[in-house]
Every structure is written in structure tokens, then in C-alpha cells.
**Q** 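Can you read through this structure? Questions will come right after.
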There are 2 protein chains.
Amino acid sequence: MAGRRRQAGVTMQDVAAIAGVSIKTVSNVINGYPYIRPGTKERVEAAIEQLGYRVNLSARNLRQGRTGMIGLAVPELSLPYFAELADSVIRAAERRGVIVLIEQTNASRERELEVLHGQRRHVTDGLIFSPLALGTEDRAAFAVDFPMVLLGERIFGGPADHVTMSNVEAARAATRHLLETGRRRIALIGSHEGETVGSAALRQRGYEQALAEAGLPVDPALLGEAGLWHRSTGAEAMARMLDAGTEVDAVFGLNDALAIGALHVLHARGVTVPDEVAVIGFDDIEDAAYASPPLSSVAPGREQIAQTAVDLLLARIAGTAPDEHVEVITDFAVVPRESTVGAVRPAAAASPVVA
Amino acid sequence: MAGRRRQAGVTMQDVAAIAGVSIKTVSNVINGYPYIRPGTKERVEAAIEQLGYRVNLSARNLRQGRTGMIGLAVPELSLPYFAELADSVIRAAERRGVIVLIEQTNASRERELEVLHGQRRHVTDGLIFSPLALGTEDRAAFAVDFPMVLLGERIFGGPADHVTMSNVEAARAATRHLLETGRRRIALIGSHEGETVGSAALRQRGYEQALAEAGLPVDPALLGEAGLWHRSTGAEAMARMLDAGTEVDAVFGLNDALAIGALHVLHARGVTVPDEVAVIGFDDIEDAAYASPPLSSVAPGREQIAQTAVDLLLARIAGTAPDEHVEVITDFAVVPRESTVGAVRPAAAASPVVA
DNA sequence: TTGTAGGCGTTATCAG
DNA sequence: CTGATAACGCCTACAA
């Protein structure tokens, strides 16, 4: 415990002096340079321990031109999906010895552009970016000169690396699941009219494909607009649809928050789920399993997305990634719960998905 | 758009050369030094714009001995309360021009100690720490020689700055709320047997005080243990209590996740809420308003906690905080919703709490 | 196997 | 008001 209090201000010089070696040798020890005489190494390590020395990362970064940190830009952490994603990314980065710095864009165009070109960019070696407000019309803005990996298909075929699951196929699978339980009037909550490349558009495309396969038309009355995918907007869209007297026997929420909002309204109006209306969401956030009734959903393989994105970004930073831009498609799975298939068991715990 | 591509590598030297001034003048402009001739300032700003220059933070930090970043250590972002807290802290820090670096401790003792003494500590100027696993027995570990603000009362009267709401009073208010609706058999979900200073102990104390005021005894059968405050553990505790045949007419979940887990079990067993059993949680996370039925809760003033903690930490870093350790108690409010007071209105949106 | 010199981009000091 | 110059702490040559 002796001299270990004040590590602030302890420099390699001090360590070198105590150990009776040069500063370079200390540096070598710290960086794991192999050719050091064991005795020397020991003395250096003892000195480091004694002084409580830590490398000054600012200095190292300045010298090396790297920071050892990567950025993660998401709309907001209050949205459970992004909180869980951030959790996974932080863990994945940690496994690679890298620190994550989170930025919230609030899904605002301005903030998202700032993330790409602003000041903060310089604190990190690269960026994992889940854009929401920016679209194909902003393609040019994504042509950045630093390592970046995009999450989601918002900028389809854009000028950057991509990690995403297949929104179209996953949405088709979810819709099929509803069709298989005999539903025919399936509402879509969260559509973005006029959009062509965002998650909303892609998921809606999957929905339409599944309907087409079943020989069903797409009824515009069943498309519930919701700009932001929050619980509140899901509730509002659902309410509007019911108020309009639209006949509905199932709901596909384009994410779980929307679906939970819809559930909430159904519940408030005395509509039974899944007897009268079945509900499925998307993202499989933890909430889903604890909704009443437990919400069926589509699990996007969060862990896989996170680790893949981190590794791809680090490869890009290290310069070991392929020259052309990479697009990785990850797996997904439909997770049926009571909201579509009815009570399966009277268990206390909600589902096998929760750890 | 001309020369704005390659900002990497643009230095003050370059800006100074273009603007025809010395490097120091550029520095002055950037740092808002007041005594600069307007013409000079303009030329410098034009050069900065033209080259797309950004200060190199590593260099600045090295020079200034600061990093411009603060750490935020929480158990995990998957827990909605901490995700929302992180959201608020990031925003609060942003308002002060500071970057936040999040660390997840997984509520493990080892990880929490690492946060206090590990390598990463040196990337930040200070730490906002919400400990869970460490208790009074670890008091010594909290005697750190860097700026730190603790959230929550876990280390009561410990050797560090504190920001917290009054757990005891808030819990008492929540319990009173249940008593006022005529409940008498109030289950407590999330208790930690033997604990004396943690959130569990404090909130339980408030519960006991409220019961005492109402002339009611504390029935051990109504105390539901739950180590981790997750939805799943809340569900399990509730299920155990019901399985044991304990008579219950209300539930106080020590946080919302526990309460939501309990709701889930009640729902699965056909117990009506709030008719047969009223339920209230704690934290007022966004989920609460969208539970079925909407969950009453205690709002801890998250924004206030976040901003206060950030400001206190920055004051500590700047050396402007008082010598002795500060303890700030923030406000709280009971938010009644359907889970305790029954259906109030058939609205689509769930509550005024959601933005 | 270890030491020496130099510079990464900023800001602070001190002249001018 | 502005300019030269010296650190900040580290790492990469290059020498020894």
C-alpha cells in the first residue's frame, strides 16, 4: 500500500529511474516486447507496481494516431432495442479490448450528420452507426474517410460496410406465422408511407410478399402509419385503426415497442389477445416476454450483429478488411409466444429466451 | 465542398499557414480568447472551414492533462432503468460539453472493483458510479483519489460525493398509496434479507414505516426475496408467494422490473389487477406506463439526478466543489396508474408521463 | 538486449 | 493583440 496512492503524474521517466533502466526499456516491458532480460523486466515491473504507474493514454494516442475507442451511434438508449444493442456491442468490444463511446442521435437528421462529420468523431478510431433519419438521399454523407460500419439496411448498397439481418425475409416469416394461425385481416403498425429503403419499407415488403403468397390483397386500411417506433406511436396507430372501424384479426408491429403500444390499446378496449386479435412484434426485446400476454416476436440475433459489426470495424481500422465494402446478413428467428398462439403453459417464468 | 475531404491530418500549422498567422493565434481563435482583431479571427475561421480542420483531442488532452470524458458505471444497459439513466446522463453531460463513457459492471463485485481501480479509469477525468454489488464492507475501496460521484445510497455516509433520492421516504409514500386504496396484505417483492444499507433495505424500511403508521404488522410471508431486480426474479418471487398460499391484496415491487414480473404472474394465474391485487413499482421506467394494466410507480426524478451528478462531478474535477463530501437528495413523486387505482379513462395513450 | 533523439498536435509562457 | 518556443508523455526509428 506504500506509495500507491498518487498515480497521477507518475511517468515512464519515474519508473525508469527507479528501475535503473532507460525509458525505452519501460516502454518495451509495457508493450510486451519479447526480447528483454528477465531480471530487467522484473525490476521494471516492480517499479511500476511500486509507483502505481499507468500509461497515459492521451500521450499514447497522440503518438500512435489511434485512440483505442470506437463510437456507437444510436437513436436513443431509452428505446429498449438500442439499449440492448448497446449492451451487446459494449460486451463484444470488450472482448477485443476496445472501449465504446455511445452517442445518441435522437433520430434527428442534424444529429446524425453531426455524428458523421462532427468534432467527436476524432475521439474514436471508427464508428458503428445505426441511422434512422438519414436515407438514400443522404448517400453522399455516408462516404466518409474513416472506418465505419452501418447497422440496418437504411442505406442500401451504400458506400460503407453493413451488418444487418434480412428485414424482408424476417417480416415475411412473421406474417406467415400469423397466417398459419388462421388470420386474414392482418394490420401492419409502423409503416412509413413513401419510404423505399428503410426498415419500415423492407419489413412492409416482407409483409406484402407473405400476403401475396397466401393470395390475399394488401388493404390500405390495415397499414398503420407511425413515424417514430415508440410505444406511444404504436398505441396511437392502433387506436386510429380501431376508431376507423377497420376489421382486424391480427397485428404485426414493425418493432416490439409498437406492438406493445398496440397491445395496450387492445387491452384497454377489452379486445382479447390472441383470441380476437393476435399480435406479433419485431426485435424480441426483453419486454416482449413479459408483456401481457407474452408477445411473439422476431429475434434478430443481436449478439451476432454486435460481434460481427465490432469485428468488421476493427478489421477496417487495422486495414485487414477487404477493399470493397462488406455486407453481412445475420440470422433471425420467429419466437412464438402467447400473443399469437395462446396460453401454452401456466409457468411462472415467461419464456426460454430470458436468461 | 472543395478541400473538405481529408480532415485527418490537418493541423493548426496548416490553418495558420493558410490564414497567414501564427499557430498560437489559431489556438486563440479556437479557444475563444477574446482579444483578437476581428479581421484576423475571420481569416482564421475561413481557413478552418476551408481545410475542415478539427482539434486533435489527444493532443489537447495530453497538454491539458484532462480527457474531456467522464465514466458512467452501471450494472447493465439491458435494465431499462439504467438505460434511461444513461440516456439522461449523456444528455446532461452533453449540455456541459463532456463525453460519457459507459461501463457495465453486471453487478459483479469483481467488475465493480475494477471500475474503481482498473486501467480504464485513466481514460476519464472522473466517474459517476451506481454500485450494486459493493456494500459497506467495501467502504475502503470507495476511498479513491479521483473525482467520483456515487448514485444511490448503497454506501451510506461513505467517503465520496452522493446523489440519491430518499429511498425510505419514497417507499413509504408508495406503501401509503396502497394503504389508501384500502389494501392491508401488501407483499414486498425484491427484499434482500440481512441487508442494511442498500436500496432494498432502505425501501423495505419505508414500507415497514408505512405499515407501522397504519398499525399493521410486518408479515414475513409477505416479503419476497429477489437478489437481482429483473422481471424474471420478480415473477419467480411472486409465483413462490402465491404457491405458498399467502393471502395478498397488493404488491409493492421494489423496482418496476420486479413489479412487471409480478404482474405477469398475476395475469397468468387469472388474478385481476387492481381488483383483486393492486400493484405498484418503483423507478417509473417507460415500460410502466405501457404495462397491462398501466403500472403505478414512484418517479425518482431521473433528469434531476443525472444533471446534478454531472454538475457535481464536473465541479469536483474543476476543484470548485466543497472540501467535504456532498450528499444531494433529489425529489420523487408517486405516479398513480390503473394498477392501483383502476381504469380512469379509456384513452389511447397510456399516461401523461410519456413524452 | 538496451539507450538516445525526435516529434505527434496542443496549449502556456513570455516577449514583442 | 500576436509570435516564437518549450513542454505534455509516449513510441518509433536508429545506434550502441
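All values below were derived from every heavy atom in this structure, side-chain atoms included, with hydrogens, water molecules and symmetry-related copies excluded. Quick note on labels: first sequence line is chain A, next is B, and so on, each numbered from 1.
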**Q** Identify each atom pair where a protein N or O and an N or O of nucleotides 2-4 of chain C are less than 3.5 Å apart, giving names and distance.
**A**
residue, atom, partner, partner atom, Å
C/dT2, OP1, A/Thr40, OG1, 2.5
C/dT2, OP2, A/Arg37, N, 3.1
C/dG3, OP2, A/Ser22, N, 2.7
C/dG3, OP2, A/Ser22, OG, 3.1
C/dG3, OP2, A/Thr25, OG1, 2.5

**Q** Quick one: label A/Asn31 by what it contacts on the DNA or RNA (base, sugar-phosphate, nothing), any heavy atom closer than 4.0 Å.
**A**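 Touches sugar-phosphate only.
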**Q** Please report, rounded to the nearest Å, how far the P atom of C/dT11 is from the CG atom of A/Leu62.
**A**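 It is 12 Å, rounded to the nearest whole Å.
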**Q** Please tabulate, for side-chain N and O atoms in residues 76-85 of chain B, each donor-acceptor pair with protein atoms closer than 3.5 Å (sequence neighbours left out).
**A**
residue, atom, partner, partner atom, Å
B/Ser78, OG, A/Asp87, OD2, 2.5
B/Glu84, OE1, B/Arg302, NH1, 2.8
B/Glu84, OE2, B/Glu286, N, 2.9

**Q** Does B/Arg60 get its side chain close enough to the base of C/dT10, under 3.5 Å, for a donor-acceptor pair?
**A**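 Answer no: no donor N or O sits under 3.5 Å from an acceptor.
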**Q** Taking all non-hydrogen atoms of both residues, which atom of B/Ala93 and which atom of B/Val100 are closest, and how far apart?
**A**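 Between these two residues, the closest heavy atoms are CB-CG2, 3.4 Å.
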**Q** What pairs of residues pass the side chain to side chain donor-acceptor pair (under 3.5 Å) test when at least one of them lies in residues 25-34 of chain B, not counting sequence neighbours?
**A**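 For residues 25-34 of chain B, and leaving out neighbouring residues, the side chain to side chain donor-acceptor pair (under 3.5 Å) pairs sorted by first residue read B/Lys24-B/Asn28, B/Ser27-B/Asn31, B/Asn31-B/Arg60.
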**Q** Between B/Phe146 and B/Thr124, is any pair of side-chain heavy atoms under 4.5 Å apart?
**A**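 The answer is no, as the side chains (C-beta and beyond) never meet within the 4.5 Å cut-off.
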**Q** Rounded to the nearest Å, what distance is computed from the CD atom of residue B/Gln64 to the C1' atom of nucleotide C/dG9?
**A**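 Distance check: B/Gln64 CD to C/dG9 C1' gives 12 Å.
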**Q** Atom CD of A/Gln13 and atom P of C/dA5: how far apart are they, to the nearest Å?
**A**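 After rounding, the reported distance stands at 12 Å.
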**Q** On DNA chain D, reading 5' to 3', which nucleotide is the first and which the last to sit with an atom under 4.0 Å from a heavy atom of chain B, could you check?
**A**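 From 5' to 3', the first and last contacting nucleotides are D/dC1 to D/dG9.
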**Q** Side-chain donor-acceptor contacts of residues 37-44 of chain A below 3.5 Å, not counting sequence neighbours, with atom names and distances?
**A**
residue, atom, partner, partner atom, Å
A/Arg43, NH1, A/Ala19, O, 2.8

**Q** Are A/Val98 and A/Val310 side-chain neighbours, meaning at least one heavy-atom pair lies under 4.5 Å?
**A**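 A/Val98 vs A/Val310: side chains apart.
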**Q** To the nearest angstrom, how far is B/Arg54 atom CZ from C/dT10 atom P?
**A**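 After rounding, the reported distance stands at 13 Å.
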**Q** So, the side chain of B/Arg316 versus the backbone of B/Pro322: is there a donor-acceptor pair under 3.5 Å, distance only?
**A**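 Side chain of B/Arg316 to backbone of B/Pro322, a donor-acceptor pair under 3.5 Å: yes, one is there.
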**Q** Run the side-chain contact (heavy atoms from CB on, under 4.5 Å) test against A/Ser58 and tell me which residues pass, sequence neighbours left out.
**A**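 Result, side-chain contact (heavy atoms from CB on, under 4.5 Å) vs A/Ser58: A/Asn56, B/Asn61, B/Leu62, B/Thr67.
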